[in-house]
Undergrad: 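The structure that follows is given in the form of structure tokens.
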Amino acid sequence: MPQRIYKLRALGRQVGVGVAGTHYATLEAFAKDNSAVPYCIPNELICAELARFLRLPMPPTAVVADGTNPPWFASLSFDLNGNTLPPVDPARCVKELPDLSTGLLLFDIWVGNCDRHVSNFQVDFGTKPPHMDIFDHSHALCGYVAGQGEARMTALMDRLGISVDPADPTKSGTHRHCLVDVLHTDDHFSSWIDRIKRTPDYFIESVVSEAEPYGLTGQETSAGIRFLMHRRDTLVELIEANQAEFKSIQNWRLKL
């Protein structure tokens with residue numbers, strides 16, 4: 001994954017003597033709170049840490065606050081020129097970025113992200129090779145309905161979790177992951193499954209526990225740790241049980 005450049009809004013005065021020319025800097029970021037989605041901040045924090053651990057193209061993120069209002073989840077802006085790219089063409093994405101497309105799909109399965117559509121990730125096909133950026137995981141893990149986080153993760157423990165019934169966050173529906181029906185090969189499954197399986201227990205425990213103050217109960221924190229560890233350890237079996245959902249993969253080469 002090549003190093004991404006993020007948007008500098010303003011460069012301020014120099015900090016002081018003996019700091020190697022360090023300046024105060026104002027960066028551009030996108031921020032959201034828990035007002036629209038009750039679990040937004042913890043879902044985003046956990047998924048961002050896991051995605052970057054896997055070396056998926058996720059912007060650096062942080063919790064930010066002004067000292068007065070509740071905190072926000074923020075991710076750095078990669079839109080240097082203010083030119084928002086159009087919605088992703090999933091078929092072209094899979095064709096030109098088969099490895100990253102596979103990684104994104106398997107990551108979303110791991111975290112139970114039911115809301116990957118053509119406008120919450122981005123691919124710049126004007127670069128060589130094309131550059132992907134991923135963002136928006138507010139509907140993963142605990143989901144989007146207050147008080148239903150543990151129930152959702154329990155219900156989805158052994159299911160793909162990448163489609164949703166808007167009327168019931170614990171059920172699958174017709175809103176499907178935008179890549180699952182167009183990915184036509186399992187060539188890159190093994191390497192991404194291996195990355196996910198190598199995610200240490202301590203790392204999962206830390207990132208979930210550290211997100212608890214931003215909207216999780218103790219029970220939801222424990223449920224999140226169990227959910228991620230179980231799905232990490234049974235990802236091969238989960239795929240095997242749901243091969244029919246990968247509608248464009250006709251010849252499975254991965255030994256499941």
Undergrad: What's the shortest heavy-atom distance between Leu216 and Cys142, and which atoms?
TA: CD2-SG, 3.7 Å
Undergrad: Would Phe53 end up clustered with Leu104 when hydrophobic side chains under 4.5 Å apart are linked, directly or stepwise?
TA: yes
Undergrad: Are Met157 and Val111 connected, step by step, through hydrophobic side chains (Ile, Leu, Val, Met, Phe, Trp, Tyr) whose heavy atoms are closer than 4.5 Å?
TA: yes
Undergrad: Using salt bridge (Lys or Arg N to Asp or Glu O under 4.0 Å) as the criterion, list what pairs up with Glu28, not counting sequence neighbours.
TA: Lys7, Arg9
Undergrad: Heavy-atom count check: over 12 atoms from other residues, nucleotides or ligands less than 6.0 Å from Asn251 CG?
TA: no
Undergrad: Over 60° means perpendicular and under 30° means parallel, so tell me whether Phe78 and Phe135 are parallel, tilted or perpendicular.
TA: tilted
Undergrad: In the single-linkage hydrophobic clustering (I, L, V, M, F, W, Y; side-chain heavy atoms under 4.5 Å), do Val123 and Phe30 co-cluster?
TA: no
Undergrad: Given Asp158 and His230, is the side-chain hydrogen bond (donor to acceptor under 3.5 Å, both in side chains) satisfied, shown in steps?
TA: CA-CA 9 Å; Asp158 294 302; His230 176 78; 2.6 Å; yes
Undergrad: Under a 4.5 Å side-chain heavy-atom rule over Ile, Leu, Val, Met, Phe, Trp and Tyr, are Trp252 and Val182 clustered together?
TA: yes
Undergrad: May I ask you to decide whether Asp201 forms a salt bridge with Arg232, counting only side-chain N to carboxylate O separations under 4.0 Å?
TA: yes
Undergrad: Identify, with sequence neighbours excluded, every residue that meets salt bridge (Lys or Arg N to Asp or Glu O under 4.0 Å) alongside Glu245.
TA: Arg176
Undergrad: Determine the minimum heavy-atom distance between Ile46 and Ala211, stating which atoms define it.
TA: CG1-CB, 3.8 Å
Undergrad: Mind checking who shares a hydrophobic cluster with Trp72, ILVMFWY linked at side-chain heavy-atom distances under 4.5 Å?
TA: Val64
